[in-house]
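Sequential numbering from 1 along the given sequence is applied to the chain's residues. Heavy atoms only: backbone and side chains are in, while hydrogens, waters and symmetry mates are out.
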Amino acid sequence: MSWHSMYKSSKFRHVYGKAGSREQCYEGIPITHSVHDNHFCAVNPKFLAVVTESAGGGAFLVIPLHKPGRIDPHHPKVCGHQGSVMDIKWSPFMDNIIASSSEDCTVRIWQIPDGGLRRNMTEALMILIGHSRRAGLIEWHPTCSGILLSAGHDCKILIWNLEEGVAVKMIDSHPDVILCMSFNTDGSLLATSCKDKKLRIIDPRSGKVLREADCKSSRVNRVVFLGNLKRVLTTGVSRWNTRQIALWDQEDLCAPITEEEIDGLSGVLFPFYDADTHMLYLAGKGDGNIRYYEVSAEKPFLQFLMEFRSPAPQKGLGVMAKRGVDVSECEIFRFYKLVTLKGLVEPISMIVPRRSETYQEDIFPMTAGTESALSAAEWLSGIDRGDVYNVKEIVLSHKQLLKMVFKQQDEIRKLKDELGEKDERIRQLELELKNLRNT
């Protein structure tokens, strides 16, 4: 096959990463030294949350997003857990609600006041008790605000009905520790990776394993559904101890569609998928770079675009919801990078270079909004909703609108000036032509 037949032109071909300036970073944060392979960071358009080192229990900071700079050493924390915090995730529907899991075997739901914390928060909105060993992972349902999943080192996944505060289902299909969980777009399927080297596609309501891949020649670490493409992507380690990615058909896990070796480094490779742009980002724990690809349903399936490089290794990465990106700067994705050695959280923007200052509709399609598509009872009864109710246009903030208006006014002013200069030039040429005719 020729190079030309493999090459696919793309509007994201020249996407580049831009690290935030020092004024945009958050400094002086005692980032956790935990060795667990989690992100320890969560972000939404209102708040940034970071798991921190603390004595006598687990804690995490919640910082208003619009207040970067050096953080006070005595900044209030969320510190109600009796053991180290292992995972934190904001609700995709309510920006003031965050869930946390801990080595104390509990999952807690917290409500952060507008403006952030003024004193330490120890009282949770809800305490979910059900795991017999530490709770390592949590995952919000993508279309139902009342459903939350947690996975513990007891090898069980619990499905919580937050509207009633009880566990409504226990998935006991894993013989070893669960490493990762990922919902598909409408939350009707759950993909998991496990220490037993198997990839599973599960019906979360019944707990039945629908499909299973035995990756004997490799170790699967992380898994993510690729939007509506009916594909699943895994990252792991090959038999030659090199990091690799594999693309699977979610309907047939007999063999991967394609595999690609990345490098020989040892850190876990975290995948991040943007369903709006069909872009895949790969960031390794302890790496300083972020690779990104464009995903398609046809060959070559994964097309490498470019790589953002930085000398500072990342402990973990938080990802901003699409409704929080700066559309006026053509920002399509934003990471928040934890740099433990510097006690720093650094924003990294992925930007499509465009000359026009107007709204770029082709790179900002309809995206997930904050409205829950269905109740917990409806989902548990077997109803799935996603495409109809789970999309809204990106809402521009007042500040972003003003910025775009000012830019357009400047552009109009420049065009008027150019038009005036051209009119003057035309008058001069007409006068010269008239003088030539008279002579």
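- When the side chain to side chain donor-acceptor pair (under 3.5 Å) test is applied to Thr234, the partners found at least two apart in sequence or on another chain are Trp248.
- Remark: Ser102 engages His81, Asp104 in a side-chain contact (heavy atoms from CB on, under 4.5 Å) (not counting sequence neighbours).
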Table please: side-chain donor-acceptor pairs of residues 133-141 below 3.5 Å, with sequence neighbours left out.
unit_1: Arg133; atom_1: NH1; unit_2: His153; atom_2: O; d: 3.3
unit_1: Arg134; atom_1: NE; unit_2: His153; atom_2: ND1; d: 3.3
unit_1: Trp140; atom_1: NE1; unit_2: Lys89; atom_2: O; d: 3.1
unit_1: Trp140; atom_1: NE1; unit_2: Trp90; atom_2: O; d: 3.4
unit_1: His141; atom_1: ND1; unit_2: Thr143; atom_2: N; d: 3.1
unit_1: His141; atom_1: ND1; unit_2: Thr143; atom_2: OG1; d: 3.4
unit_1: His141; atom_1: ND1; unit_2: Cys144; atom_2: N; d: 3.1
unit_1: His141; atom_1: NE2; unit_2: Gly187; atom_2: O; d: 3.3
unit_1: His141; atom_1: NE2; unit_2: Trp379; atom_2: NE1; d: 2.9

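- Within the 4.5 Å cutoff, the side chain of Leu48 has heavy atoms near those of the Cys41 side chain.
- Under the side-chain contact (heavy atoms from CB on, under 4.5 Å) criterion, Arg200 pairs with His174, Pro175, Thr192, Cys194, Asp196, Lys198, Ile202, Val209, Glu212, sequence neighbours left out.
- Separating the CG atom in Leu233 from the CZ atom in Phe301 is a distance of 12.5 Å, to the nearest 0.5 Å.
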Any chance you could lay out the side-chain contact (heavy atoms from CB on, under 4.5 Å) test for Leu282 and Tyr293, step after step, and finish with the verdict?
CA-CA 8 Å; Leu282 297 178; Tyr293 301 74; 3.5 Å; yes
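- Look at Lys18 and Glu329 and you find no salt bridge, because none of the NZ, NE, NH1 or NH2 atoms lies under 4.0 Å from a carboxylate O.
- Considering every non-hydrogen atom in both Ile88 and Ala49, the closest pair reads CD1-O, 3.6 Å.
- The only member of Val224, Val223, Asn221 that meets side chain to side chain contact (heavy atoms under 4.5 Å, CB included) when paired with Cys180 is Val223.
- The two atoms that bring His14 and Met306 nearest to each other are CA-CE, 4.0 Å, heavy atoms only.
- In terms of the side-chain contact (heavy atoms from CB on, under 4.5 Å) criterion, residue partners of Lys67 (sequence neighbours excluded) are, by chain and number, Pro64.
- Two residues are said to be in side-chain contact when any heavy atoms from C-beta on lie closer than 4.5 Å; Asp274 and Met350 fail this criterion.
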Verify side-chain contact (heavy atoms from CB on, under 4.5 Å) between Ile159 and Leu149, making sure each step is shown before the conclusion.
CA-CA 5 Å; Ile159 300 179; Leu149 268 64; 3.9 Å; yes
Can you check salt bridge (Lys or Arg N to Asp or Glu O under 4.0 Å) on Arg211 and Asp249, steps first, answer last?
CA-CA 11 Å; Arg211 283 164 288 280; Asp249 182 346; over 6 Å; no
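- Using the six-membered ring where Trp is involved, Phe270 and His39 have ring planes that are tilted, between 30° and 60° apart.
- Arg222 places a side-chain heavy atom less than 4.5 Å from the side chain of Asp37.
- Listed by chain and number, the residues in a side chain to side chain donor-acceptor pair (under 3.5 Å) with Glu23 are Ser21 (sequence neighbours excluded).
- Looking at Thr340, its side chain never comes within 3.5 Å of a backbone N or O of Ile31 through a donor-acceptor pair.
- Phe333 is linked by a ring-ring contact (aromatic ring centres under 6.0 Å, His included) to Tyr281, Phe335, counting only residues two or more places apart in sequence or in another chain.
- Applying the salt bridge (Lys or Arg N to Asp or Glu O under 4.0 Å) test to every pair with at least one member in residues 226-236, sequence neighbours left out, gives no pairs at all.
- For residues 111-135, no pair satisfies ring-ring contact (aromatic ring centres under 6.0 Å, His included), with sequence neighbours left out.
- Counting only distance, with no hydrogens or angles, the side chain of Tyr26 and the backbone of Leu65 share a donor-acceptor pair below 3.5 Å.
- Side-chain contact between Asp263 and Arg291: present, with at least one pair of heavy atoms (C-beta onward) separated by less than 4.5 Å.
- Side-chain contact between Leu305 and Arg13 is present, with at least one heavy-atom pair separated by less than 4.5 Å.
- With a 6.0 Å radius and a threshold of 12 heavy atoms from other residues, nucleotides or ligands, Asp72 has its CG atom above the threshold.
- Of the residues listed (Val232, Thr185, Asn184, Leu247), the one engaging Leu226 in a side chain to side chain contact (heavy atoms under 4.5 Å, CB included) is Leu247, and it is the only one.
- Taking every heavy atom of both residues into account, Trp160 and Ala167 meet most closely at CE3-N, 3.4 Å.
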Under 3.5 Å, which donor-acceptor pairs do the side chains of residues 111-130 form with other protein atoms, sequence neighbours left out?
unit_1: Asp114; atom_1: OD1; unit_2: Lys46; atom_2: NZ; d: 2.9
unit_1: Asp114; atom_1: OD1; unit_2: Asn96; atom_2: ND2; d: 2.8
unit_1: Asn120; atom_1: OD1; unit_2: Lys77; atom_2: N; d: 2.8

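- Rounding to the nearest 0.5 angstrom, the gap separating the CD1 atom in Ile147 from the CG atom in Leu380 is 4.5 Å.
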Does the side-chain contact (heavy atoms from CB on, under 4.5 Å) test come out yes or no for Ile383 and Arg385, once each step is laid out?
CA-CA 7 Å; Ile383 299 172; Arg385 293 194 192 121; 4.2 Å; yes
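- Shown here for Tyr273 and Gly227, the closest heavy-atom pair between the two residues is CE2-N, 3.4 Å.
- At least one side-chain heavy atom of Arg243 sits less than 4.5 Å from a side-chain heavy atom of Leu265.
- Although no hydrogens or angles enter the test, the distance criterion places a donor-acceptor pair under 3.5 Å between the side chain of Glu331 and the main chain of Asp326.
- Using a distance-only test at 3.5 Å, with no hydrogens or angles considered, no donor-acceptor pair links the side chain of Ser349 to the main chain of Ile351.
- A 4.5 Å side-chain heavy-atom check between Phe12 and Val352 finds at least one atom pair inside the cut-off.
- Side-chain N/O atoms of Gln244 and Ser238 include no donor and acceptor closer than 3.5 Å.
- Cys155 pairs by the side-chain contact (heavy atoms from CB on, under 4.5 Å) definition with nothing, not counting sequence neighbours.
- Although no hydrogens or angles enter the test, the distance criterion places a donor-acceptor pair under 3.5 Å between the side chain of Glu53 and the main chain of His33.
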Determine whether Leu344 and Ile29 satisfy the following criterion, side-chain contact (heavy atoms from CB on, under 4.5 Å), listing intermediate values before the conclusion.
CA-CA 6 Å; Leu344 180 75; Ile29 299 176; over 6 Å; no
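- For the pair Leu61 and Pro76, the tightest heavy-atom approach, listed with the atom from each and the gap, is CD2-O, 3.6 Å.
- Side chain of Gln314 to main chain of Gly284: a donor-acceptor pair is present (N/O by atom type, distance under 3.5 Å, no hydrogens or angles).
- With respect to Lys169 and Asp203, no salt bridge is recorded, no charged nitrogen being found less than 4.0 Å from a carboxylate O.
- Lys322 NZ to Ile332 CD1: the interatomic distance, rounded to the nearest 0.5 Å, is 6.5 Å.
- Judged as a side chain to side chain donor-acceptor pair (under 3.5 Å), not a single pair has a partner in residues 54-66 (not counting sequence neighbours).
- Closest of all the heavy-atom pairs between Tyr336 and Met320 is OH-CE, 4.0 Å.
- Checking side-chain atoms of Asp154 against main-chain N and O of Ser132 turns up a donor-acceptor pair under 3.5 Å.
- Looking at heavy atoms from C-beta onward, Phe40 lies in side-chain contact with Leu338 at the 4.5 angstrom threshold.
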